[in-house]
Number of protein chains: 2
Amino acid sequence: MRAAPLQFWPPTGGRQAQAGSAGASLLFAGLSEEQFTCATSCLGIQAFSFEKDEQVLACQGARPHYGVLVSGTGFDVRQHPNGDQTLVDVIEPGDLFGEGWQPRAWAAPEVPRERAVIGATAGTVLLLDPARLSDPTVACPAKAIVHTNLLNSVLHKQERLRTKLEILRHRSLRGRIANYLLVESQRRGKSQFTIPLSRGELAQYLHADRAAVSRELARMKHDGMIDYHRNAFALRDEQAVATASE
Amino acid sequence: MRAAPLQFWPPTGGRQAQAGSAGASLLFAGLSEEQFTCATSCLGIQAFSFEKDEQVLACQGARPHYGVLVSGTGFDVRQHPNGDQTLVDVIEPGDLFGEGWQPRAWAAPEVPRERAVIGATAGTVLLLDPARLSDPTVACPAKAIVHTNLLNSVLHKQERLRTKLEILRHRSLRGRIANYLLVESQRRGKSQFTIPLSRGELAQYLHADRAAVSRELARMKHDGMIDYHRNAFALRDEQAVATASE
DNA sequence: TCCTTCCCGTTGCCGTGGCAACGAAGTTGC
DNA sequence: GCAACTTCGTTGCCACGGCAACGGGAAGGA
């Protein structure tokens, strides 16, 4: 990961519903360009670029950081000792990540931590030091705003985790897939959309087998519910998809 | 739910690791009794008692509230149109709940919201109004502390959701059960413990069938991994349980 | 005490989906 | 253009677990 030029991140409005869409970051919402520039020095915000499959942030890092994705896509993954990993969440531009990582990693830096954020594509991030944010001696006009935004960002992330739990509640694979496609369609606001996951990654996200996902997708296409090719999906019978996800 | 006498809630230390244990609340950590009393008026903190199966908090409420459980046990549930519900999380004394409920419920108060906190046993709660907390005209010495504590509480809750996702990653029911028992054992700090869930509730938490859970528990007992009777569990072969949860 | 109700254990059935293996198609590098 | 590699689709096998039904035991109320 290499340092990258730091430029003004356009904060738009601050409506939580808009968070996650490209061009908006809930964490820096409501900041003027002047305040943002101030924050970069006061709060030690730095920009970095990363490559695909590169580890963007890990528990084993020198110290915990908050990150905001500027461009590209990231995966919030959990790696297990036996080699396989689960995909907890997809991180898109504007999203916060790395929140809540306790500095317990300090204790055992030699153990490769099981939690990490890796690059799904190449991209850039902003990293900021939570210690600077909670340090009372740091007086910055932007700090209060960022602090409030941070709470909203964390709540937004929690909402995403609850959405994933909602997807995972289905006992049938068809229900999980239908729910995922419905959520993804609503997020994009279209019935035709492309997903940021490959088949194998989708299986990891749905906690299922890749072959089984392919098989069930083929069945759903055969039943006329959906259509797809690679990462491009279309909801043919939206009502049927909604019914399948109960 | 009826109003209940409001008394000083003993805040202990503020170490996140202690949060969730009886007698400590991360949200009010670091407050003196004087500050706590001040906060009750400034932030509009009120105490209520609730009964078993009573709805403690729901999205359809007049306005969003944060809650802290004082005594008893609560369930963070998600109710689905077809009647069944999933158990998202168990709320124990000191835990925050109701965070992040958007006031979108205002828009459609007639629809029974799918998300709620219900009483698993009778108990008491403290409710506070987030609007008062974010209102800049309210000047209270305790506000800053509570605001910081709120962020930590939300992060702590997120950690619990991630733990549940970790339990749910297992494709086999035995893996999920083993992981749950391991987590519960670590939380209690003992290899003998009682769980706050009935069989049916445990099945709802694990996103599985009640009969299947009973069957798999019987197999694990037969294999010498665990022992149990009703809600009382004991890890016989802790190594085997750990292996089953990978 | 008796009755009702709820919760838990058990079991047979069988469908869903995990697993492994293979082939096709797309991608990258030389 | 060819080869090595990766990703996706497909399929057979069969075990795990969902579902339904039943029975027993504990709990609560009259």
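Note that these values count all heavy atoms, side chains included, but never hydrogens, waters or copies made by symmetry. Naming: A, B, ... by sequence-line order, numbering from 1 per chain. As the structure is a computational prediction, the values presented were derived from the model and not from experiment.
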- Message: Which residue is it: Ile167(A), Val77(A), Ile195(A), Val213(A)? I am looking for the one with a side chain to side chain contact (heavy atoms under 4.5 Å, CB included) to Tyr205(A).
- Response: Ile167(A)
- Under-4.0 Å salt bridge between Arg171(B) and Glu246(B): no
- Task: Return the 5'-most residue of the pair Arg171(A), Tyr228(A) with respect to DNA chain D, ranking by each residue's nearest nucleotide.
- Result: Tyr228(A)
- Item | Rounded distance in Å - CZ (Arg210(A)) to P (dG18(C)) | 12 Å
- Under the 3.5 angstrom rule, does the side chain of Ser71(A) hit a backbone N or O of Thr124(A) as a donor-acceptor pair? yes
- Note on the structure: When rounded to whole Å, the CD1 to C1' distance for the pair Ile177(A) and dT16(C) reads 12 Å
- Task: Round to the nearest Å and state the distance from Asn231(A) atom CG to dA25(C) atom P.
- Result: 19 Å
- Message: Strictly below 4.0 Å, N to O, side chains only: are Arg162(A) and Glu166(A) in salt-bridge contact?
- Response: no
- Query: Could you give the NE2-to-P distance, from His229(A) to dA25(C), as a whole number of Å?
  - Reply: 12 Å
- Task: Could you tell me whether Arg115(A) and Glu159(B) make a salt bridge, using a distance below 4.0 angstrom between a side-chain N and a carboxylate O?
- Result: yes
- Query: Which of residues 211-225 of chain B have a heavy atom under 4.0 Å from DNA chain C?
  - Reply: Ala211(B), Ser214(B), Arg215(B), Ala218(B)
Side-chain donor-acceptor distances from residues 224-231 of chain A under 3.5 Å, at least two apart:
unit_1	atom_1	unit_2	atom_2	d
Asp227(A)	OD2	Arg236(A)	NH2	3.4
Tyr228(A)	OH	Ala218(A)	N	3.4

- Bounds of contact between DNA chain D and chain B, in 5' to 3' order, using a heavy-atom cut-off under 4.0 Å: dG17(D) to dA26(D)
- Query: Under a 4.0 Å N-O cut-off, is there an ion pair linking Lys164(A) with Asp76(A)?
  - Reply: no
- Query: Leu173(B) has an atom CG; how far is it from atom C1' of dT16(C), in whole Å?
  - Reply: 15 Å
- Query: To the nearest angstrom, how far is Arg199(B) atom CZ from dG9(C) atom C1'?
  - Reply: 9 Å
- Hey, mind stepping through Asp89(A) and Asp95(A) against side chain to side chain contact (heavy atoms under 4.5 Å, CB included) and telling me if it holds? CA-CA 11 Å; Asp89(A) 197 13; Asp95(A) 287 346; over 6 Å; no
- Note on the structure: Rounded to whole Å, NE2 of His207(B) lies from P of dG17(C) at a distance of 16 Å
- Query: Is the NZ or CZ atom of Lys157(A) both under 6.0 Å from the centre of the six-membered ring of Phe97(A) and within 45° of that ring's axis?
  - Reply: no
- Taking atom P of dC8(C) as reference, at what distance in whole Å does atom CG of Leu197(B) sit? 10 Å
- Item | Short side-chain N/O contact from Ser172(B) to OP1 or OP2 of dG18(C), under 4.0 Å | no
